[in-house]
Amino acid sequence: MTASPKEAIAERLAEARRRTLELIEPLSDEQLNRVYSPILSPLVWDLGHIANFEELWLVRTIGGREPLRGDLGRYYDAIENPRRTRGELPILRSGEVQPYLEAVRERSLEVLDEVELDDTEDPLLRDGFVYELLLAHEHQHTETMLQLLQMVESYEPLRTDPRHAREATGEGPEMVLVEAGSYEVGAPAAGFAYDNERPAQEVELDAFWIDRTPVANRDYLAFVEETGAEPPLYWERDGGGGWLRTAMAERVPLDPAHPVVHVSWHGAAAFARWAGKRLPSEQEWEAACAGASTARANLDQLGFGTAPAGAYADAPAGCGAVQMLGDVWEWTASDFLAYPGFAAFPYPEYSEVFFGDTYKVLRGGAWATRRDVIRPSFRNWDLPERRQLFAGIRCARDA
Ligand code: AVJ
Ligand code: FE
């Protein structure tokens with residue numbers, strides 16, 4: 001028996017929720033409520049925000065229902081409430097937020113039962129757009145939650161996925177060539193994508209070289225030791241000339257073979273200069289990524305870490321680069337700008353309010369990114385000084 005489209009949506013919503021709850025299952029109420037960092041929300045805020053976003057789109061907008069909790073929604077508005085303020089808000093605490101998640105879900109499934117998904121003129125419903133948006137939103141928040149979990153002492157995941165590559169499988173040149181030419185970048189008009197990926201456009205690129213693998217810890221370490229540059233987040237000297245990785249309060253020797261992660265854009269750009277290279281533009285990055293597969297990549301969270309630089313060599317992009325999708329986000333040289341012909345949809349607060357020269361673009365997703373979120377055209381962004389993202393480096397050079 002094949003599931004109807006609505007049953008398939010309901011199952012995917014349930015799966016997204018199972019993952020969200022699985023990630024927080026090992027935590028105490030105190031850990032869920034606690035503010036760990038001014039640049040990250042307490043986990044209870046993410047949970048309430050996930051529920052409130054679902055209520056806004058699936059229950060109120062699509063279903064025309066009234067909100068369950070009156071005015072509560074204003075505290076879950078990400079634009080109105082910067083992360084550093086979220087610990088102080090009168091939001092639902094652990095124990096209160098879980099019933100709210102469930103009550104909203106019950107109502108959004110009622111609405112799902114009623115809506116017309118076929119033959120509709122409504123762009124929110126056509127091809128199930130609003131449900132794809134909801135899934136992507138919850139998935140993206142689980143990555144943000146994993147950023148916070150890096151700060152939680154002795155966090156023990158319920159379950160890990162042992163299938164993730166642990167070995168670098170192939171040798172290869174340091175850099176691979178991407179030929180000059182005309183490349184299509186961005187998302188096609190059909191199917192789910194965020195507004196900032198559209199419209200797709202042709203770009204003319206000069207030939208360039210791009211690193212075959214993400215930059216490894218050993219290379220970033222040499223740069224830090226030689227220049228005195230700021231180390232990545234969660235690196236600490238061990239007192240004997242070596243370095244430790246301290247995420248989730250582990251104190252383990254830094255693995256030189258793994259991709260460097262938790263670097264800022266400033267660090268990435270300075271490393272590239274030091275290495276005699278530069279960061280790729282986001283258009284170059286996307287052209288190099290063509291042909292890469294999300295199926296064979298370190299994505300979807302349960303590996304709980306990176307694979308060594310050079311792993312997944314059996315699944316390269318067309319140009320020969322490996323690990324362009326998964327493992328670590330890759331900082332690009334590009335500011336987060338609108339593509340020519342951009343139109344905000346379905347709300348300007350997702351992308352449009354962030355356009356300008358303040359934010360830098362990252363590409364490719366990380367081990368902590370759900371598989372369904374990422375595609376070669378997906379654009380992430382953050383401030384250039386930020387290191388809490390699972391962000392690393394892949395350098396380029398003019399050919
Ligand atoms: C695309 C990761 C920058 O976390 O601010 C979540 C994703 N937008 N809820 C963010 C997002 C609304 C967004 N980033
Ligand atoms: Fe959000």
Side-chain angles (χ1 to χ4, degrees), residues 16-17 19-20 23 37-58 61 72-86 89 91 97 100-101 104 129-130 132-150 187 192-198 262 264-265 282 299 301 328-332 334-338 342 344-356 358-370 372-375 377-391:
R17 183 59 44 82
R19 177 60 58 81
T20 304
L23 291 175
S37 157
I39 64 166
L40 286 168
S41 323
L43 290 163
V44 281
W45 188 89
D46 282 278
L47 295 173
H49 169 81
I50 287 169
N52 190 252
F53 191 85
E54 178 168 333
E55 186 172 40
L56 171 63
W57 290 101
L58 298 191
T61 307
L72 185 72
R74 53 193 279 231
Y75 304 118
Y76 293 115
D77 183 318
I79 306 291
E80 293 300 315
N81 304 284
R83 286 177 175 178
R84 73 188 133 69
T85 69
R86 292 178 190 169
L89 297 171
I91 54 173
V97 74
Y100 178 51
L101 278 159
V104 169
F129 181 93
V130 77
E132 298 298 334
L133 175 69
L134 249 289
L135 285 161
H137 185 256
E138 183 152 356
H139 287 335
Q140 286 172 273
H141 274 275
T142 59
E143 178 166 348
T144 319
M145 291 164 68
L146 276 162
Q147 292 168 18
L148 186 99
L149 290 176
Q150 303 309 297
F192 179 79
Y194 280 109
D195 54 4
N196 66 58
E197 298 165 68
R198 292 186 164 134
H262 296 297
S264 69
W265 181 88
E282 61 169 322
L299 288 162
Q301 309 179 334
V328 293
W329 289 98
E330 299 175 11
W331 285 110
T332 72
S334 303
D335 294 336
F336 185 50
L337 300 175
F342 167 85
F345 179 75
Y347 66 115
E349 291 80 13
Y350 183 80
S351 313
E352 193 174 22
V353 299
F354 297 99
F355 286 149
T358 309
Y359 293 89
K360 299 293 183 188
V361 173
L362 303 105
R363 293 297 196 106
W367 64 264
T369 310
R370 298 287 330 252
D372 278 357
V373 165
I374 206 65
R375 50 196 164 262
S377 62
F378 186 92
R379 307 168 79 197
N380 195 3
W381 65 93
D382 209 340
L383 298 171
E385 66 272 21
R386 288 292 162 87
R387 296 180 300 166
Q388 86 288 358
L389 298 186
F390 301 99

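Whatever order the structure lists ligands and atoms in, that order sets their numbers, starting from 1.
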Could you check whether T369 and E143, counting side-chain N and O atoms only, form a donor-acceptor pair closer than 3.5 Å? yes
Sorted by chain and number, protein N/O/S atoms nearer to the Fe ion (ligand 2) than 2.8 Å are H49 NE2, H137 NE2, H141 NE2
Which of I39, L23, L43 passes side chain to side chain contact (heavy atoms under 4.5 Å, CB included) with L148? Answer is L43
Taking 4.0 angstrom as the limit, do R74 and E80 come out as a salt bridge? no
**Q.** N52 and Y100 side chains, donor-acceptor separation under 3.5 Å
**A.** yes
Review point. Does a side-chain N-to-carboxylate-O contact under 4.0 Å join R17 and E138?
Key: yes
Any protein N or O within less than 3.5 Å of an N or O in ligand 1? List each pair with its distance, or say none.
unit_1	atom_1	unit_2	atom_2	d
ligand 1	9 (N)	H137	NE2	3.1
ligand 1	9 (N)	H141	NE2	3.2

Handout entry: Donor-acceptor pair between Q140 and N380 side chains, under 3.5 angstrom
Key = no
Check: Is K360 salt-bridged to D335, cutoff N-O under 4.0 Å?
Finding: yes
In F355, F345, W381, F53, the residue satisfying ring-ring contact (aromatic ring centres under 6.0 Å, His included) with Y350 is W381
Task: Side chains of T142 and R19, donor plus acceptor under 3.5 Å - done: no
